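Encoded as C-alpha cells, the structure appears first; notes follow it.
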Amino acid sequence: MADFGRDHLEAFRLEAREWLEANYPASLRADPAPLNAWLGGGQKATGDVDLWRQRMGEKGWGVPTWPKQYGGGGLTPAEARVLWEEMGRIGAINPIGGMGVIMFGPTLLEYGTEAQIMEHIPRIARAEVRWCQGYSEPNAGSDLASLQTKAEDKGDHWLINGQKIWTSGAQYADMCFCLVRTDPRAKKHEGISFIMIPMHQPGVDPRPIRLINDSSPFCETFFTDAKAPKENLVGPLNGGWTVGKRLLQHERQGISGAGGGANRPMMAGGPLNEMAVRYVGVEDDGRLADADLRARLTDHLMEAKAFALTGRRAALEDRNNRGPSASSSILKNVGSKVRCDSAELALEIMGHQGVGWGGEDFNADEVAIVRTWLGGKAGTIAGGSYEVQNNIISKRILNLPDQPHANAHTPGGKQHA
Ligand SMILES: Cc1cc2nc3c(=O)[nH]c(=O)nc-3n(C[C@H](O)[C@H](O)[C@H](O)COP(=O)(O)OP(=O)(O)OC[C@H]3O[C@@H](n4cnc5c(N)ncnc54)[C@H](O)[C@@H]3O)c2cc1C
C-alpha cells in the first residue's frame with residue numbers, strides 16, 4: 001500500500017515536524033503543567049492551552065485516524081504513529097483526549113446515525129464537550145447487566161431515574177453516555193439501551209467521592225427525573241448491551257496504553273534504568289550495583305518493550321481501522337501489569353525516598369511516584385477487573401468452557417466483550 005511506503009511516511013514525518021514546530025506553543029514546550037492540569041479536568045482551557053487545543057482541533061490531529069469529514073485527521077495508523085513520534089520528539093502533548101476520544105467517539109462512529117455523528121464527533125475532535133461514562137451502579141459492577149437505572153419513553157423524551165457510581169469526571173462533564181434499563185420485563189441483557197444524557201440539568205446530581213488523598217476523580221451520579229431527547233438513543237432500543245460492550249473494548253484498549261505507549265517505562269523521575277543508576281549507583285564496570293535488581297529490571301524492561309511493540313503491531317495490523325477486539329482484554333491486563341511493575345520497581349529503586357506523600361522533605365517526583373503506584377492498582381479494576389478480563393480471554397479467545405460453579409451472574413457484566 002502506498003500509504004505504508006517508507007518514502008511516503010518520511011515525507012509525512014517532515015510535514016508533521018514542520019507543522020508541530022510552527023504550532024506547538026513555546027510556553028507549553030517550556031512548561032506543560034497548565035496543559036496537564038487542563039487535561040486532568042476541572043477548568044476551562046485558556047491562553048496557550050486553548051490556542052493549542054484550537055490548532056490541533058482544526059487540524060484534526062487530536063484524533064488522527066478519525067475520518068476527515070467528521071473533524072478527524074484522516075491519517076492511516078502508520079501516519080498516526082509517525083505523528084506521535086514527532087510529538088514525543090518535542091514533548092508536545094495531545095490536548096484532545098478523555099472518554100469522548102478513547103471510548104465514546106469510536107463507538108458512535110460505528111453505531112451512531114449520520115445525524116448523531118455529525119452532531120457529536122466534530123465537537124469531540126475539537127475538545128469542546130466533555131463526556132463521562134454512566135455504566136457502574138452500586139449493585140452492578142462486574143455484573144454490569146444487573147443495572148437498574150431506568151429510562152422511560154415519554155413520547156418526545158426519555159425520563160431517567162436511578163444511580164450510577166464511580167462516574168469518572170462526572171462533576172466536569174457536559175454529557176454522559178449511559179446504559180439504562182428500558183425494558184424491565186426482558187432478560188437482563190435484552191432490556192438495556194445506550195443513551196446520551198445532558199449533564200447540565202436539574203435532574204442530574206454528580207456528587208464527588210472524596211478519596212484518602214483528598215482528590216475526587218469520580219462521583220456518585222444521581223438521576224432524578226432527568227431528561228434526554230428521544231434522538232439520543234444510540235443503536236436499537238433494548239440493543240444497548242451490544243453497543244455498551246463494544247465501547248468497553250475501546251476503553252480496555254485505551255487503558256492498556258497499547259499503541260501510544262512508550263518503549264521504556266517512564267516514571268516521574270525519568271526512565272527506570274536511569275533512575276536506578278541515580279539512586280542505586282554503578283559498579284566499576286558500569287553495571288548497576290545491585291545484581292538482583294539488575295536482573296529483575298532487565299526482565300521488566302524487556303517485557304515493557306515487548307508490550308509496546310505488540311501494541312504497535314496491533315495498531316499497524318488494523319489497517320482497515322476495525323478497532324479493538326476481545327484481545328483488548330489481553331492488552332489491558334498486560335498493560336496494567338507492566339505499569340504496576342514499573343511503579344513497584346521505581347519505589348524499590350528509590351528506597352525510603354519512594355514513600356513520600358507531600359511536604360517539604362519530598363520532591364515532586366517522589367510524591368508523584370507514590371501516586372503512580374497507587375493509581376496503577378486502580379487501573380487493574382477500571383474498565384473491568386483483572387479477573388474479569390481473564391474470564392473474557394478464557395471464554396472468547398481460548399474458547400474454554402464456563403467454570404461449573406462460576407458466579408451466578410457470569411453471563412453478564414463487564415466481563416463479556
Ligand atoms: C479508577 C476507576 C475509574 C472508574 N471509572 C468508572 C466510570 O467512569 N464509569 C463507570 O461506570 N465505572 C467506572 N469504574 C468502575 C469499574 O468499572 C468497576 O469498579 C469494575 O467494573 C468492577 O466492579 P465493582 O467495583 O463493582 O467490583 P465487583 O464487581 O464487586 O468485583 C469485586 C471483586 O470480585 C471479582 N469478581 C467479580 N466477578 C467475578 C467473576 N465472575 N469472576 C472472577 N472474579 C470476579 C472482581 O475481579 C473484583 O476483584 C471505575 C473504577 C475505577 C477503579
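Fair warning: this is a prediction, and the values are worked out from it, not measured in the lab.
- The shortest heavy-atom contact between Ile96 and Ala127 is CD1-CB, 3.9 Å.
- Side chain of Arg126 to main chain of Gly57: no donor-acceptor pair is present (N/O by atom type, distance under 3.5 Å, no hydrogens or angles).
- A 4.5 Å side-chain heavy-atom check between Tyr111 and Leu247 finds every atom pair outside the cut-off.
- Looking only at distances, a side-chain donor or acceptor of Arg181 sits under 3.5 Å from a matching main-chain atom of Ala145.
- With a 6.0 Å radius and a threshold of 12 heavy atoms from other residues, nucleotides or ligands, Lys377 has its NZ atom above the threshold.
- Asn238 places none of its side-chain heavy atoms less than 4.5 Å from the side chain of Glu190.
- Summarising the geometry of Met275 relative to Ile349, their closest heavy-atom pair is O-CG2, 3.8 Å, with the distance given to 0.1 Å.
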Next item on the list: Check step by step if side-chain contact (heavy atoms from CB on, under 4.5 Å) holds for Phe12 and Leu83.
Entry: CA-CA 8 Å; Phe12 177 72; Leu83 176 62; 4.3 Å; yes
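- One side chain, Arg246 or Gln249, offers a donor N or O that lies under 3.5 Å from an acceptor on the other.
- Surrounding CH2 of Trp38 are more than 12 heavy atoms belonging to other residues, nucleotides or ligands, all under 6.0 Å away.
- Contact record, Leu297 with Ala276: CD2-CB, 3.7 Å, taken as the closest heavy-atom pair.
- In this structure, Arg207 forms a cation-pi arrangement with Phe222, its terminal cationic atom sitting closer than 6.0 Å to the ring centre and no more than 45° off the ring axis.
- Side-chain contact between Lys150 and Pro184 is absent, with no heavy atoms from C-beta onward closer than 4.5 Å.
- Under the rule for a salt bridge (Lys or Arg N to Asp or Glu O under 4.0 Å), the partners of Glu303 that lie at least two apart in sequence or sit in another chain are Lys337.
- Considering only heavy atoms from C-beta on, Gln133 stays 4.5 Å or farther from Ser168 through its side chain.
- Note that the CG atom of Leu35 and the CD1 atom of Ile93 stand 5.0 Å from one another [nearest 0.5 Å].
- For residues 83-106, the salt bridge (Lys or Arg N to Asp or Glu O under 4.0 Å) pairs, not counting sequence neighbours, are Arg13-Glu85, Arg13-Glu86, Arg17-Glu86, Glu21-Arg89, Glu85-Arg312, Glu86-Arg89.
- Put simply, the side chain of Lys230 never gets that close to the backbone of Asp153: no donor and acceptor are under 3.5 Å apart.
- With values rounded to the nearest 0.5 angstrom, Asp299 atom CG is found 12.5 Å from Arg294 atom CZ.
- Side chains of Glu114 and Tyr70: a donor-acceptor N/O pair is present below 3.5 angstrom, by distance only.
- When all heavy atoms of Ala125 and Gly71 are compared, the closest pair comes out as CB-O, 3.4 Å.
- Considering every non-hydrogen atom in both Trp166 and Ser136, the closest pair reads CD1-CB, 4.1 Å.
- How far CG of Leu147 is from CG of Asn139: 11.0 Å, rounded to the nearest 0.5 Å.
- At least one side-chain heavy atom of Leu301 sits less than 4.5 Å from a side-chain heavy atom of Asn273.
- Contact of the Pro206 side chain with the Tyr172 side chain is not registered, since no non-hydrogen atoms from C-beta on lie closer than 4.5 Å.
- Between the side chain of Arg130 and the backbone N or O of Asp174 there is no donor-acceptor pair closer than 3.5 Å.
- Atom CD of Gln69 has more than 12 neighbouring heavy atoms from other residues, nucleotides or ligands inside a 6.0 Å radius.
- By the 4.0 Å N-to-carboxylate-O rule, Arg53 lies close enough to Asp50 to be salt-bridged with it.
- In terms of modelled atom types and a separation under 3.5 Å, the side chain of Lys59 and the main chain of Gly72 share no donor-acceptor contact.
- Although no hydrogens or angles enter the test, the distance criterion places no donor-acceptor pair under 3.5 Å between the side chain of Asp183 and the main chain of Gly191.
- Defined by atom type and a distance below 3.5 Å, a donor-acceptor pair is missing between the side-chain atoms of Gln148 and Gln163.
- Panel note: side chain Gln171, backbone Ser216; a donor-acceptor pair is recorded below 3.5 Å.
- In terms of heavy atoms, Val338 sits closest to His300 at O-CE1, 3.3 Å.
- Classification of the Trp241-His189 ring pair by plane angle, with boundaries at 30° and 60°, yields perpendicular.
- Ring planes of Trp19 and Trp52: tilted class, angle from 30 to 60°.
- If you check the side chains of Asn391 and Ser394, you find no donor sitting under 3.5 Å from an acceptor.
- From Ser193, atom OG reaches atom CG of Leu233 across 5.5 Å, with rounding to the nearest 0.5 Å.
- A donor-acceptor contact under 3.5 angstrom links the side chains of Gln389 and Arg252, judged on distance only.
- Side-chain atoms of Phe218 and Cys132, non-hydrogen and from C-beta on, never get closer than 4.5 Å to each other.
- Between Trp61 and Tyr24, a ring centre-to-centre spacing not shorter than 6.0 Å is recorded.
- A donor-acceptor contact closer than 3.5 angstrom is absent between the side chains of Gln253 and Ser328.
- The distance from the OH atom of Tyr279 to the CG atom of Leu293 is 13.5 Å, given to the nearest 0.5 Å.
- In this structure a side-chain-to-backbone donor-acceptor pair under 3.5 Å is present from Tyr135 to Gly244.
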Item checked: Candidate pair Ile195 and Val234, rule side-chain contact (heavy atoms from CB on, under 4.5 Å), full reasoning -> CA-CA 6 Å; Ile195 290 182; Val234 178; over 6 Å; no
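- Separation of atoms SG (Cys340) and CG (Leu345) is listed at 11.5 Å; rounding is to 0.5 Å.
- A cation-pi arrangement is absent between Lys227 and Trp158, since the terminal nitrogen or guanidinium carbon is not both under 6.0 Å from the aromatic centre and inside a 45° cone about the axis.
- Counting heavy atoms from C-beta on, the side chains of Ile90 and Arg29 come closer than 4.5 Å.
- For Thr107 and His250, the side-chain atoms include no donor-acceptor pair closer than 3.5 Å.
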Next item on the list: Would you check, one step at a time, whether the test side-chain contact (heavy atoms from CB on, under 4.5 Å) holds for Ile255 with Leu331?
Entry: CA-CA 9 Å; Ile255 290 175; Leu331 293 175; over 6 Å; no
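- Side chain of Glu119 to main chain of Gln116: no donor-acceptor pair is present (N/O by atom type, distance under 3.5 Å, no hydrogens or angles).
- Side-chain N or O atoms of Thr221 include none that pairs as donor or acceptor with a backbone N or O of Lys164 at under 3.5 Å.
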Next item on the list: For Asn161 and Thr149, run side-chain contact (heavy atoms from CB on, under 4.5 Å): C-alpha distance rounded to whole Å, both residues' side-chain angles, the deciding distance at 0.1 Å, then the answer.
Entry: CA-CA 6 Å; Asn161 282 285; Thr149 296; over 6 Å; no
